[in-house]
Amino acid sequence: MYSCIKMLHIGKIYKRASTLQSYEALIKFSTKPDVQEADTVANPDVEPIPVGKLPKPYLKSNLLTRRNLRFDKNQDEFFQHQSFMPHEGKDWTAVWPAPAPFKPYEVPLPIHMGVKAKKCVKPDKFSSLELLKVQNFLHLTPPAVEQHCKVLKQFCTKFPDDLDSDIACEMEFPVTKHTVDYVGASNSPRNSKARNVTKQIRLVHLGLNLQAREKITKLLEWRYNDDTDVATIQSKRCPVRKQNSDFLDYVFTALYFESWKVEEWEKPENACDDDFYVWENSESYKNLRKIVERRADVSKETMLSDIAEVRDYRSAVVDVKQDLIRAKRLEKQRLKQKAIEQQKQGNVLIAKSSPQRMEIIDSYKESVLNLLNLQKVGDAKHC
Amino acid sequence: MLIFSMLSYRTAKLCFASSNVALTVLVKPKETVTLKNRKYSNTLDLKPLSTSEPGNFSTLEHFLTDESNPARHTIDDVGLMYTIPKEDYSKMVSSQFNTVAFTQQFDKQVQSLNEASMVIRQPGFEIVNYLQNTDYTAPVNRYVIHGPQGSGKTMLMMYATHFCMKENWLIVPNYNMWSWMDYQSRYKPTMKKEIMESTWNKERVDVPHRAVIWLDTFKLLNGSLLDNIKTTQKYQWSKHESADIGESFSSIVDFGKARVRVATDVIGAIMKEIRVQDASTMPRTLVTVDAVNAAFCETKLKIKHNVYLKAHELSYGHNLKKLMTSSWTNGAVITALSKPFLEKNKKGYLLPGSHPYDLLGQEGFDWLDPHIPIAVGQYTDKEILSQLAYYKDRKFLTGPCLSEAGEAELIQLSYRNPADLAHICLSAS
């Protein structure tokens, strides 16, 4: 840096530009150079619009007032060098049109990079090897990207008018594919995480019947969201993204055709299923028959559903069973997926003894007492 | 009083002054609490059930009932204490062996006070009422007691058992189902029991040592009742030993106690007779099962490496589960749930919660359906005050506990949980 300052003594005297000013100038320069100048010329009375949209750094008033005069003087002269001044009246995209290694005299920014050695000043941008090594994106400023897009627009087709809503888009393209591209300053431009692919589809679009739908949800397990009806599958088992994507297509087709198959042991007569409850011909039904058939007014020919108490009891048992199934499913999800979002929503609370679940037990108790001809004693609730 | 009101007025003013809100209207302080209507805290809204001087322990005049028979308890007795007579208590608990009838905490209390007394609670009153009013020609009613840990599920079961003892019922006890499923006993942690193949059915497994203890408790509870009950079938225990038709229960039980190998088969025979016989020959029967959810899960017993037995593979478990169905008449089944052994059993497995049907499981619910669920909660105001008054009267509580602050602290620390309260009072005395 000291050599630089020496050199600066010889150079011409320019208007002073502090670090912040030069940065503001670059933004001004890169965004809209022509229009703003025209504005300032046309309306000299109106104050110029503040250009730097970024918030100013907060500095203590002590630091601003108390300054090292000697250093300050040198610093002033240092920043008067041409390489710190904005290229006035020039288009930045023309200055830096394509990817190129860092050029300290071209870039009007006080950048520095590298570790500060002992008893030395900070390394500046001149003759800095570190700055040369890293990739820079100075050719990809927002106006440059905009210009690119403008040129490319003539080759694009118009977005179809029919796809005006999200629903219309989803009807046309039911599968959504999600991938992530990684851009980093390293030796290799490839990132192993980029191979991950997730695909989603709503089961409505598959057109399944009830049996096939039950089966596919069981095969999907926690990958199927009950609330939104969306099946989500992720894959990272293959080394390349294309392979993963193809694999997921294969998985979805296999799932679809597998769900339509009905094995011998899957038929409702032979099924022993925890997730689906039918009260008729269950253990509870058989127990109830024993109790009810002893009554005088009931013969073997009367239908059980004709009795009002039995109907109440049936609905109470079904409530309890559904509650148990829901709790079990939630518990499975929680153990496998460990979803923190569900905790936020409060779904896990259902699995614990919440007042809603205790009400189900109370109604069950009342129906049983009616069935057994017993009168309820007092209020069972404590505290 | 004046000072108190002044102070509260000042604090109210200060509070408003600190928050930068301009006040035009002066807010009056809250009504001062009179000394007679004293309050413990805002969280526990205890109404004054008793009158006592400020700063002292509350005194209840009427906390004990003279009535020792649960059948004659009325709704006014709920919340008061009653004592189990010594001749009844000696039937439930013996110094010869550990029956594990009551809780460990209660046993300690009885030893120190030389008197077994417990609180009459609303669910206990409820169960007794149901037992009195049921139709005993119909299939048996099943009851499932549930509630938080330490809320008195076991004590409630013993209350019902006492009622049935007074009515001359036959009682089939199971005070801890889990003690059959584990090598370790509840009070003897180092003792590992022997298991063997059943002589009756080779697919099942016996726990002979435990079976002998069961026969002991069965005889202790039912006493002279067993002489009048006769078998209706011939039982061949081994090549040379058998029981003919018309042999009394007491002789079978004595035989089982003498021949340890056969003890489990004797239990099976007793349970079968209970199911088969009518009301004419068999007295009314009460089956109590504590920790009933143990009967629907894996045991810790194993024959091979890494192959654990299931509950119905034990011959005792098989017979007891048959008794828990509604296939027989003239009796009742009272069961209680328990959580702690489940946590002990499945390490690293998170329980879904303390919801009763989550503990019982699908299989358990199907087995016991339809049943009457009975909820037990923490102590109510009346119950906890009469319990504390009893402790004070028997001089179980001494020293700084006998102040207003001490009483409030006892209530707050225990969170009105009966087991916690007993534990704290034991350590405080």
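In what follows, chains are A, B, ... by sequence order, proteins preceding strands, each numbered from 1.
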Can you tell me if [atom1] on [X] sees more than 12 non-hydrogen neighbours from other groups inside 6.0 Å?
X	atom1	answer
B/K310	NZ	no
B/H312	NE2	yes
B/K272	NZ	no
A/K236	NZ	no
B/Y415	OH	no

Shortest non-hydrogen pair, B/Y130 vs A/Q375, comes out as CE2-O, 3.2 Å
For [X], is it the side chain, the backbone, both or neither that has a heavy atom under 4.5 Å from a heavy atom of chain A?
X	value
B/D135	neither
B/T137	both
B/H371	both

From [atom1] ([X]) to [atom2] ([Y]), nearest 0.5 Å:
X	Y	atom1	atom2	answer
A/D323	B/H355	CG	NE2	5.5 Å
A/M358	B/H146	CE	NE2	5.5 Å
B/T325	A/N287	OG1	CG	8.0 Å
B/D369	A/Y313	CG	OH	3.0 Å

Of all of A/L371, A/L372, A/L288, which one pairs up most often with chain B through heavy atoms under 4.5 Å apart? A/L372
Closest-packed option against chain B by number of heavy-atom pairs under 4.5 Å, given A/V368, A/L324, A/I360: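 The candidate making the most pairs under 4.5 Å is A/L324.
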Mind checking whether A/Y364 and B/F365 have parallel, tilted or perpendicular rings, split at 30° and 60°?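 The rings of A/Y364 and B/F365 sit tilted, inter-plane angle from 30° to 60°.
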State plainly whether the residues B/D366 and A/K321 are in salt-bridge range, i.e. N to O under 4.0 Å.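 Looking at B/D366 and A/K321, the cut-off is met.
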